[in-house]
> 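I'd like to ask some things about the structure below.
Below, chains carry the letters A, B, ... as their sequence lines are ordered, and counting in each starts from 1.
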Amino acid sequence: MKEPYEKPLIKKVQVGLSNKFGSVYGRHLRPEIDGVPISDLVSRFGSPLFVFSERRLREKYRQIYQMFSTRYPNVHFSWSYKTNYLDAICAILHQEGETAEVVSEFEYEKARRLGVPGSEIIFNGPYKPISALKRAVQEGALINIDHFDEIYDLEDIAEELGNSIKVGIRLNMDTGISPQWTRFGFNLESGQALDAAKRIVSGGKLILSGLHCHLGTFLLEPRAYAKAIEKMVDFAYELEDNFGLKIEYLDIGGGFPSRNRLKGIYLSPEIAVPPMEDFAEAICDTLLSKLKPNDFPKLILETGRAIVDEAGFLITTVHASKRLPDGTRSYVVDAGVNILFTAFWYNFKVELEEDIPGPAEPCIIYGPLCMNIDVVAENVQLPPLPRGTRLIFSPVGAYNVTQWMQFIRYRPAVVLVGEDGQVDVIREAETLDDVINRERLPERLVLKMS
Amino acid sequence: MEKLKRLAINEEGFIFDPVSGNSFTTNRVGLWILQKLKEGKTPEEIISELPGYFEVDAETAERDVTDFLEQLRHYKLI
Ligand SMILES: Cc1ncc(COP(=O)(O)O)c(C=O)c1O
């Protein structure tokens with residue numbers, strides 16, 4: 001009778017120096033996603049594979065919507081396309097009642113093509129080409145102006161079309177957080193924002209009716225939002241009193257964190273990330289205490305990450321293992337930073353499809369790219385993993401499937417697990433055709449090989 | 001493999017190096033390999049014998065023994 005096998009390992013006993021972060025590996029297992037076994041997903045759609053959960057996405061949206069709508073009577077969410085503009089994801093959020101927040105003519109066209117009317121699009125960003133601006137104006141989109149040149153562009157368009165245009169301006173301000181995103185919009189403290197308002201009023205062609213700001217991303221400080229609201233309300237009343245305007249909406253942007261772990265923060269997200277309620281409370285309580293009685297301008301939120309991040313998973317497969325010269329155990333998996341862009345700032349949760357015996361040790365996980373920067377996870381406590389082991393990374397729903405790139409390898413398929421457990425491909429895996437379709441080889445360069 | 005001879009190894013897989021003062025833990029398969037090394041077997045012999053004692057195929061045995069030897073080297077035990 002042969003004995004059962006386990007991979008031979010030896011570990012130094014650290015006397016009096018225990019590793020705070022999981023020397024005993026509380027194994028994280030994820031045999032399925034919303035009831036669909038990982039092995040089924042991989043055998044049907046391959047690996048690596050992005051998997052989105054419709055249930056988690058809808059639930060998250062509804063939870064967050066409820067947190068705000070139960071605290072303030074006029075709340076509206078606009079889906080930040082850049083965070084994830086896959087049609088299926090946008091369609092789900094539009095079904096839930098979100099409008100579209102876009103920052104380019106490409107995103108604008110994608111929203112329109114999906115069936116979103118222009119009047120339900122918020123057009124933000126520092127670069128809005130004239131033709132795109134004009135279309136947005138004609139279709140009734142809400143435009144938040146980023147700089148003086150855009151004021152002039154819009155005035156020209158108003159002149160050409162022969163009617164006035166309702167606009168908002170984007171503000172940047174000190175709310176106590178750094179870095180301050182001062183490169184977008186008009187600065188409040190310096191008086192630039194007031195100058196912009198004066199310019200708009202004196203031009204007589206645009207009607208200033210809203211204020212916008214977006215403080216940053218993955219912000220962990222609810223008080224920064226309270227501060228922003230305070231400053232926006234004060235500024236809105238200053239404008240209303242001085243220029244006889246009505247500020248109809250305050251758009252606070254996005255920036256709320258998801259339950260992900262930022263690099264450099266070792267506390268678990270459950271401890272380090274304030275609950276969403278704290279943000280809702282900071283924003284809504286400040287609004288209610290600062291606004292005049294019976295004045296309830298529309299509160300717009302463009303939250304991206306907090307809604308979609310936790311709905312996304314990436315299934316990967318261990319291709320090889322290697323011990324580095326310094327003794328660190330490393331693995332090569334089939335998904336790299338080209339498709340997992342957020343690996344640069346997150347320490348993801350890494351889960352095993354099934355339990356694997358053996359002691360855990362801190363490991364580093366590399367992607368398949370032939371590049372030194374291709375590190376998808378560091379310092380993950382893992383037992384000895386045989387080739388072919390599936391590792392599931394999460395949360396990966398925000399920014400990856402927009403910022404990913406075709407580099408060295410094809411981008412993999414993305415599937416959606418529906419609420420009844422059905423699985424649909426929402427983006428097919430790329431093939432060579434996707435890459436070469438746009439290429440043109442001049443005739444004289446065609447290789448003549450016998 | 002001279003260094004190995006000085007190690008105190010108990011049957012639970014606890015290893016003490018009286019020269020450096022370091023201690024280590026290993027698992028059953030690691031222990032088995034260490035004992036073979038102490039007996040003076042070569043890595044090639046160990047790789048070929050391993051599948052006779054444990055439920056493992058030759059390819060995995062080769063990979064894992066090689067890896068285990070690298071770990072020992074890292075800890076300066078061989
Ligand atoms: C104007 C604007 N709104 C909303 C967002 C979404 O931010 P988040 O995903 O952090 O909520 C961004 C992201 O950069 C943005 O620039």
> Looking only at heavy atoms and a cut-off of under 4.5 Å, which of B:Leu34, B:Asn22, B:Leu50 has the most pairs with chain A?
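Heavy-atom pair counts peak at B:Asn22.
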> If you count heavy-atom pairs under 4.5 Å with chain A, which of B:Leu31, B:Thr26, B:Ile33, B:Thr66 comes out on top?
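Going by pairs under 4.5 Å, I would pick B:Thr26.
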> Do A:Asp334 and A:Thr316 have side-chain N/O donor and acceptor atoms under 3.5 Å apart?
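No, no side-chain donor-acceptor pair sits under 3.5 Å.
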> Give, as side chain, backbone, both or neither, the part of B:Arg63 having an atom under 4.5 angstrom from any heavy atom of chain A.
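When you check distances to chain A, only side chain atoms of B:Arg63 fall under 4.5 Å.
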> Closer than 4.0 angstrom, basic N to acidic O: yes or no for A:Arg323 and B:Glu70?
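Looking at B:Glu70 together with A:Arg323, the answer is no, because their closest N to O distance does not fall below 4.0 Å.
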> Could you tell me which portion of B:Tyr53 (side chain, backbone, both or neither) has an atom closer than 4.5 angstrom to a non-hydrogen atom of chain A?
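Backbone of B:Tyr53 only, per the 4.5 Å heavy-atom cut-off to chain A.
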> Could you tell me which of B:Ile15, B:Thr25, B:Leu72 has the largest number of non-hydrogen atom pairs under 4.5 Å with chain A?
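Of the candidates given, the most pairs with chain A belong to B:Thr25.
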> Any side-chain donor-acceptor pair under 3.5 Å between B:Asp57 and A:Tyr5?
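No, because no side-chain N or O of B:Asp57 sits under 3.5 Å from a partner of the opposite role on A:Tyr5.
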> Just by distance, no angles: are the side chains of A:Asp326 and A:Thr328 close enough, under 3.5 Å, to form a donor-acceptor pair?
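Their side chains do contain a donor-acceptor pair, which is all the 3.5 Å distance test asks for.
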> Quick check on A:Pro325 against chain B: is it the side chain, the backbone, both or neither that has a heavy atom closer than 4.5 Å?
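For A:Pro325, backbone heavy atoms alone lie under 4.5 Å from chain B.
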> Determine the interplanar angle of the A:Trp345 and A:Phe341 rings, folded into 0 to 90°, and report it as parallel if under 30°, tilted if 30 to 60°, perpendicular if over 60°.
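Geometry flag for A:Phe341 against A:Trp345: perpendicular rings.
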